[in-house]
Protein chains: 2
Amino acid sequence: MPLTVLLVDDEPLVRAGLRAILDAQPDIEVVGEAADGAAVIPLVRRLRPDVVAMDVRMPLLDGIEATRAVLRTVPEPPRILVVTTFENDEYVYEALRAGADGFLLKRARPEEIVHAVRLVAEGGSLLFPASVRRLVDTYGAERGNPAARAALERARLTEREAEVLRLMARGLSNAEIAARLVVGAETVKSHVSAVLAKLGARDRTQAVIAAYESGFVAPE
Amino acid sequence: MPLTVLLVDDEPLVRAGLRAILDAQPDIEVVGEAADGAAVIPLVRRLRPDVVAMDVRMPLLDGIEATRAVLRTVPEPPRILVVTTFENDEYVYEALRAGADGFLLKRARPEEIVHAVRLVAEGGSLLFPASVRRLVDTYGAERGNPAARAALERARLTEREAEVLRLMARGLSNAEIAARLVVGAETVKSHVSAVLAKLGARDRTQAVIAAYESGFVAPE
DNA sequence: GATCGTCTCCCCCGCGCGGGGGAGGTCCGG
DNA sequence: CCGGACCTCCCCCGCGCGGGGGAGACGATC
């Protein structure tokens, strides 16, 4: 079965763009659209999409409130991908705190958009992409970085994966982690790959950064 | 001229071992020994060693006080490498705060010992080796991690190197850093290598960890 | 009993990374 | 005027890393 997506944005142009990009994927299907947050709940209930691509700035009900409403009222809610124009959008920050699973810049390349949708659908959290980093930079001054922390928590690492990430964050190589955990090197590679995928990280360095930013590991 | 070292340890066995290992290097010369901290100052004044390999736990004057005394009273003081038996030695922590440039576990392999001496002599800070990481783990609960911060500050990165490290800590690849700084990829490699050497890091991940641990970059 | 998630290990492959050299340029200070 | 520090770029080389697959074993859940 295909990965179903509901688009929520007040601009038809944006919805059309997203639909064009996503529907071009054989395994992704846009099952509905909404122009404001108020229309989201009934649509989600009826269409039961896997992912909701939600604009933050919308009339009537913004993306933050809409996210909260969906997560509060719908059983087994969809994954929510927040869509925004600006990387320094404080609404995005709020949306992540409200329970969104990741976010996406409108100017992202089509492949990135597709990737983001797939990632959140699979349970990942898009914690790392450059856009998120900038967000973290901006709001990094606040304690504990709830957005990053929430995103990482929602990444739902398995126990083993969390263990591997902790060791990565101590600077260990795959071989060293394997020795420490008394498993094969190939096994560690599997776990590391899983961690990178779930965190939306490109390499172990980015994963470690995410670990620090989220408070998963603490420097102090 | 060779790299000159002064050994300070109350156990003759340890001094003999260090001397054997270090004197085996063509470019390193052990120019003197002391059995306790009280004897260090005059010896340093007379021998003007490049590096002092200093035990922390000693009678009369321990390594911390000796370190402070040397740094306070000797103009152009030598680099101080703290030698210890235990990785969780709170004295080592104090010594780093007192101004020591790095530390060394007695059980380290000869190559590591030689490497450590060369590194601090060249202005590096041995911020990262596994032993230090464990230290950081242990005393990591204290704010700002003064030991790590002090060590990194003393690593004396050039402006460019610091810039590169900051970008590394944002998850950028060498190619991305090159694009950002508008220089060649080979140039970035040079800077990255310099950073790794000065921090005693094995790879960029460890360097980024050091950056976080030291407060050079802040997650919050 | 069947299914799913997790952990484990295996293959192949390409590329980025880091180490080892070296070398030219500027600019500053002795 | 001549080092020395710094930034820049170049070469070669090996290996670790990460992506792409797949597969078997186990326990929990349905």
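Because the structure is predicted, anything quoted here is derived from the model rather than measured. Basis for what follows: all heavy atoms, side chains included, without hydrogens, waters or symmetry-related copies.
- What separates CZ of B:Arg118 from P of C:dG20 is a distance of 11 Å, to the nearest Å.
- With hydrogens and angles left out, the side-chain atoms of A:Arg118 and A:Gln25 include a donor and acceptor closer than 3.5 Å.
- Note on B:Thr158: every side-chain N or O is 4.0 Å or more away from OP1 and OP2 of D:dA5.
- Atom CG of B:Leu167 is separated from atom P of C:dC17 by 13 Å (rounded to the nearest Å).
- Between the CG atom of A:Leu196 and the P atom of C:dG16 there is a distance of 16 Å, given to the nearest Å.
- Of the listed nucleotides (D:dC17, D:dC11, C:dT8), D:dC11 has the atom at the smallest distance from the side chain of B:Glu186.
- The residue among B:Leu181 and B:Lys189 whose nearest nucleotide of DNA chain D is located toward the 5' end is B:Leu181.
- Here B:His191 does not reach the OP1 or OP2 of D:dC6: none of its side-chain N or O atoms lies under 4.0 Å away.
- A sub-4.0 Å separation between OP1 or OP2 of D:dG19 and a side-chain N or O of A:Ser193 is present.
- D:dG18 atom C1' lies 14 Å from atom CZ of B:Arg204, rounded to whole Å.
- Between A:Lys198 atom NZ and D:dG18 atom C1' there is a gap of 17 Å when expressed in whole angstrom units.
- Side-chain N/O atoms of A:Arg202 include none lying less than 4.0 angstrom from OP1 or OP2 on D:dG18.
- With respect to the salt-bridge test (charged N to carboxylate O, under 4.0 angstrom), the residues B:Asp203 and A:Arg204 do not qualify.
- Counting only residues at least two apart or on different chains, no salt bridge (Lys or Arg N to Asp or Glu O under 4.0 Å) pair has a member in residues 178-190 of chain B.
- Salt bridge absent: A:Arg19 and A:Glu29 never bring a charged side-chain N and a carboxylate O closer than 4.0 Å.
- The side chain of B:Ser190 lies closest to D:dC9, out of D:dC9, C:dG18, C:dC10.
- For B:Asp203, whose side chain is taken as the heavy atoms from C-beta onward, the closest listed nucleotide among C:dC12, C:dG18, C:dT8 is C:dG18.
- Taking side-chain N and O atoms only, A:Arg160 has a distance below 4.0 Å to OP1 or OP2 of C:dT8.
- A salt bridge between B:Arg166 and B:Glu163 is absent, with no side-chain N of the basic residue lying under 4.0 Å from a carboxylate O of the acidic one.
- B:Glu163 has its CD atom 15 Å from the P atom of D:dC6, to the nearest Å.
- Protein atom CG of A:Leu172 is 15 Å distant from nucleotide atom P of D:dG16, rounded to whole Å.
- Counting to the nearest Å, the P atom of C:dC27 and the CD atom of B:Glu159 are 15 Å from each other.
- Distances shorter than 4.0 Å separate none of the side-chain N or O atoms of A:Asn174 from OP1 or OP2 on D:dG16.
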